[in-house]
Amino acid sequence: MNEKVTELLHLFDEKQFQYDLISWYKNEQRNLPWRENQDPYRIWVSEIMLQQTRVDTVIPYFERFISKFPTIEALANAEESDVLKAWEGLGYYSRARNLQSAVREVADTYNSVVPNNPKEIAKLKGVGPYTAGAILSIAYNIPEPAVDGNVMRVLSRILGIWEDIAKPSSRKTFEEVTRHIISEEDPSSFNQGMMELGAIICTPKSPSCLLCPVQNHCRAFKEGSQEELPIKSKKKAPRPVPIAVVVLKDLRGKYLIRKRPDKGLLASLWEFPNVELTEGGLKEDQLRKHIKEEYDCDVAIENEIAAFDHVFSHLKWQLTVYIGTIQGTVKSEENVRLVNKDELEEFAFPVAHQKIVATIEVNE
DNA sequence: TACACGTGGGG
DNA sequence: TCCCCAAGTGT
């Protein structure tokens, strides 16, 4: 144990802490669909969905996803487009692609059994240190740390850790501390109890210290610093990106859509033709030029039908949406389609483009 | 290390 | 309206 951790755990009664935390968790835990059993596959899917995503948001996605892909084999054999469609609206779409890739790996290499050791499970795509620990502890009851934002917040307050939890380097401190205080008898309830406590009691703002089952163990509560902890530096503001979009119909009334590249932002999702605007020049002209280059066709741009912002973690699309007509034919490619309005719902769109689909409905 | 990578809810 | 998030991972 290094010096910093020794200092932090000085006079800390981890046995009593485990008992108080786990007793509370067993009595107060929420009924969540991924807690119905310990199927490693279901735990895995839930942990991926829960990354940076609220429980209430995940629940319906999890139910639908498990209905559609109930087993490792079912997900391994599914079409990627169907997986992305099931993920539509959940965000961070690489999670879905990495999950299916890793599930195929488990099907091929591990006879469809999720590995139960840190070495092998950590190799799987999309399974980082948190998710590895979560699956090992929850599905297999193995005492591995599962340090997420909740755990860092709770431990910051309990032990009085004044490190910036936004810095990647500080997660090591929390992992090491957790290795020393985790319950060897019930690591599943310990890890889930820490996260449940963070979600329900030890919240980021206005924590409910008077209801806290481990209040007696909490240094922050003792010194009244629970509102100051954890230390968390601020993120940069999203960068604005002006974009012109056009909803194009051909002579038969079919809409032109294209599949985004399989890497980067919104990978492999479908969208309406659009171009990032540069300074100077009419938006319509830039759009027509872009369409000519990308789709090799001429278009008539008729009206502006919407303008709105869509904010991502790191950037802000400033969208101007036009409606227009295709003159002639479109270059035929695998990632370009002409589809009826009814067929649009078969494709997975990012939310910004779902909003545009909704605009079409209103305009017809 | 720092940034890319989404979305909808809540104060 | 704005800002902060919410059970992180990949590069």
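Throughout, protein chains are lettered first and strands after them, A, B, ... in sequence-line order, and every chain is numbered starting at 1. Note that the coordinates shown come from a computational prediction; the quantities given were computed from them, not determined experimentally.
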Looking just at side-chain N and O atoms, do [X] and [Y] make a donor-acceptor pair shorter than 3.5 Å?
{"X": "A:Glu79", "Y": "A:Ser81", "value": "no"}
{"X": "A:His217", "Y": "A:Asp20", "value": "yes"}
{"X": "A:Asp262", "Y": "A:Ser268", "value": "no"}
{"X": "A:Thr173", "Y": "A:Lys4", "value": "yes"}
{"X": "A:Ser67", "Y": "A:Glu63", "value": "no"}

Polar atom pairs between nucleotides 3-5 of chain B and protein, under 3.5 Å, N or O only, would you list them?
| from | atom 1 | to | atom 2 | distance (Å) |
| --- | --- | --- | --- | --- |
| B:dC5 | OP1 | A:Leu265 | N | 3.1 |
| B:dC5 | OP2 | A:His314 | NE2 | 2.9 |

In whole Å, what separates the [atom1] atom of [N] from that of [M]?
{"N": "C:dA6", "M": "B:dA4", "atom1": "P", "answer": "22 Å"}
{"N": "B:dC3", "M": "C:dC4", "atom1": "P", "answer": "16 Å"}
{"N": "B:dG6", "M": "C:dT11", "atom1": "P", "answer": "13 Å"}

Under 4.0 Å, counting only non-hydrogen atoms across every strand here, what does [X] touch: a base, just sugar-phosphate, or nothing?
{"X": "A:Thr131", "answer": "sugar-phosphate"}
{"X": "A:Ser206", "answer": "nothing"}
{"X": "A:Val311", "answer": "base"}
{"X": "A:Leu32", "answer": "base"}
{"X": "A:Lys234", "answer": "sugar-phosphate"}
{"X": "A:Trp87", "answer": "nothing"}
{"X": "A:Val127", "answer": "sugar-phosphate"}

Requested in this report: Determine the minimum heavy-atom distance between A:Ala102 and A:Lys125, stating which atoms define it.
Outcome: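 It is CB-O, 3.5 Å.
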Value in whole Å for how far the [atom2] atom of [N] lies from [atom1] of [X]:
{"X": "A:Lys232", "N": "C:dC4", "atom1": "NZ", "atom2": "C1'", "value": "8 Å"}
{"X": "A:Asp309", "N": "B:dT7", "atom1": "CG", "atom2": "C1'", "value": "15 Å"}
{"X": "A:Arg97", "N": "C:dT9", "atom1": "CZ", "atom2": "P", "value": "18 Å"}
{"X": "A:Ile135", "N": "C:dG8", "atom1": "CD1", "atom2": "C1'", "value": "13 Å"}
{"X": "A:Arg153", "N": "C:dC4", "atom1": "CZ", "atom2": "C1'", "value": "12 Å"}
{"X": "A:Asp164", "N": "B:dT1", "atom1": "CG", "atom2": "C1'", "value": "13 Å"}
{"X": "A:Gln52", "N": "C:dC5", "atom1": "CD", "atom2": "P", "value": "11 Å"}
{"X": "A:Trp44", "N": "C:dG8", "atom1": "CH2", "atom2": "C1'", "value": "16 Å"}

Select one nucleotide: of C:dG8, B:dG6, B:dT1, the one nearest the side-chain heavy atoms of A:Arg95.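 Closest of the options to the side chain of A:Arg95: B:dG6.
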- Item | First of A:Asp56 and A:Phe312 reached from the 5' end of DNA chain B, by closest nucleotide |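 Comparing both residues, the 5'-ward one is A:Phe312.
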**OP:** Report yes if a donor N or O on one partner sits less than 3.5 Å from an acceptor N or O on the other, where the partners are the side chain of A:Thr57 and the base of B:dG9; otherwise report no.
**Re:**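 Checked by distance alone, the answer is no.
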Practice prompt. Could you go through the side-chain hydrogen bond (donor to acceptor under 3.5 Å, both in side chains) check for A:Gln51 and A:Thr131 one step at a time?
Written response: CA-CA 9 Å; A:Gln51 288 169 6; A:Thr131 304; 3.0 Å; yes
- prompt: Which residue, A:Ala122 or A:Asp148, contacts DNA chain C at a nucleotide closer to its 5' end, judged by nearest heavy atom?
  reply: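 By nearest-heavy-atom nucleotide position, the 5'-most residue is A:Asp148.
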- Item | Along DNA chain C (nearest heavy atom to each residue), the more 5'-positioned of A:Gly126 and A:Arg35 |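 Between the two, 5'-proximity favours A:Arg35.
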Hey, does the Lys NZ or Arg CZ of A:Arg64 hover above the aromatic six-ring of A:Tyr61, less than 6.0 Å from the centre and inside 45° of the axis?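 Yes, A:Arg64 lies over the aromatic ring of A:Tyr61.
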